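Contents: one structure, followed by commentary.
Note that this is a predicted model, so its numbers are computed, not measured.
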Amino acid sequence: MRIAEIHLTPVAIPDRPLLNCKGVHQPHALRTVIEVVCDDGTVGLGESYGSIKALDGLRRAAPALIGLDPFHIHELKSRVITALPGSGGINAKSAVADHKLTDVVASAFEVPCLDIQGKLLRRPVADLLGGAVRTSVPFSAYLFFKFAAHVGEAPDEWGEVLTPEQMVGEARRMVDTYGFQSLKLKGGVLHPDLEIETMLKLREAFPHHPLRIDPNGGWTVETAIYIARKLENVLEYLEDPVIGMDQMAQVAAATSIPLATNMIVLEFDQIAEAFRKKAVQIVLSDHHYWGGLRASTHLGKICETLGLCVSMHSNSHLGITLAAMIHVAAATPNLNFDCDTHYPWTGVDVIEGAPFAFQGGRLNVPEGPGLGVTLNRQKLAELAALYEQTAMKERDDTAYMKLFDPAYERRVPRW
């Protein structure tokens, strides 16, 4: 059996005006839906970034994978590296961190190959990763400060969330609707004292829910230490409060709150330095840039060996990515914290049937062989048409923020 065809479909998915330290989410997020077709007709599904650099890399590497045995994942990575010499990173200039194009592309094609393997073996992808150690995976509510509406549009159903009190209301809706048992706030948006107040009000409203905050490196070392001391007995962990390995180590030395990251430990060769400097205690995996699902389970084992904890990062995504996340989380024995997901903010999907439904903040491992999801062609066509209509090729939260506030400047750290 060999790969005979690869189809790449860029799509746009509606997004909310969610705020972060770089600006605000645009009306649409970009993704690429991947179909790998074998010569016997077996189809594997995948999903990856839709930015122009990532899409270009996928398109350049795809021809090199024709004829590949879908079980030969090592060769897949070698072919991707050969097809993308000197490829660099994928992220736009407005991003805070970057990801290697070869890792992103190899991961994007590994997932559909594992989907194919599972279908041929009639086993779920989790079994290919060592077997599921849990039948369901816990997720955290992902809370955002937000504007009421996109430019020129009516307010969305979530409305404006720009105060601590409004954030408590958003959290209540997330918990009531999806049953989440932990809460994560995207910080670095409001003045630090307001974000401290927000976390304290969340603690008061949800006394038993673990809390975390992630400002995406939006604070200085001094501000991060100040906030950590104010929230010493409130947070389960503090994610990427500052930019830089040494800066993270400074903050870690000044607080007992564990520090988590998906910004300073992005690749395997960065783990040793972070361990030596005691810069982080929790590494957040993401198969999109760690090199795939198997690489993500390897990351879990390395973290376990070094006494580090592991959980999972998220970006805006559809159900194919969510299925892959569930499988790798189910097959990671030392998954120490509830995973992140943007899925409740998405509102659309390309998979057949009903969207994934959280029960008590958890999602069951999909049943069936492979990833356990199939493609809805009508939904795919609709989101592909939306991609063409938007003419959007790159994410730029800062440029969009200037439409709300012409004087806005991107500063990281901001506070």
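- Look at K402 and D397 and you find no salt bridge, because none of the NZ, NE, NH1 or NH2 atoms lies under 4.0 Å from a carboxylate O.
- Between E157 and R16 there is a salt bridge, since at least one side-chain N of the basic residue sits less than 4.0 Å from a carboxylate O of the acidic one.
- For D349 and K379, the salt-bridge test fails: no basic side-chain N is under 4.0 Å from an acidic carboxylate O.
- The pair E304-K301 meets the salt-bridge criterion, with a side-chain N (NZ, NE, NH1 or NH2) lying under 4.0 Å from an Asp/Glu carboxylate O.
- Atoms CZ and OG, from F109 and S48 in turn, are 8.5 Å apart once rounded to the nearest 0.5 Å.
- Contact between H317 and T346 at its shortest, heavy atoms only, is O-OG1, 3.2 Å.
- Note on K100 versus E267: salt bridge recorded, some NZ/NE/NH1/NH2 to OD/OE distance being below 4.0 Å.
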>> Go through it in stages, so that I can follow the logic: the residues are H150 and Y400, the test is ring-ring contact (aromatic ring centres under 6.0 Å, His included), and I'd like the CA-CA distance, side-chain angles, deciding distance and then a yes or no.
In response: CA-CA 10 Å; H150 284 293; Y400 189 51; 5.7 Å; yes
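- Ionic pairing of R377 and E35 is present here: one or more N-O contacts between side-chain nitrogen and carboxylate oxygen are shorter than 4.0 angstrom.
- From L284, atom CG reaches atom CE of M263 across 11.5 Å, with rounding to the nearest 0.5 Å.
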>> For a side chain to side chain donor-acceptor pair (under 3.5 Å) check, start with the C-alpha distance between Y142 and K186, then their side-chain angles and the critical distance, and finish with the verdict.
In response: CA-CA 7 Å; Y142 210 153; K186 181 63 72 178; 2.9 Å; yes
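- Taking CD of Q281 as the start and CG of L238 as the end, the distance is 10.0 Å to the nearest 0.5 Å.
- No side-chain donor-acceptor contact under 3.5 Å links S316 and R31.
- Using a 4.0 Å cut-off between a side-chain N of Lys or Arg and a carboxylate O of Asp or Glu, D338 and R362 do not qualify as a salt bridge.
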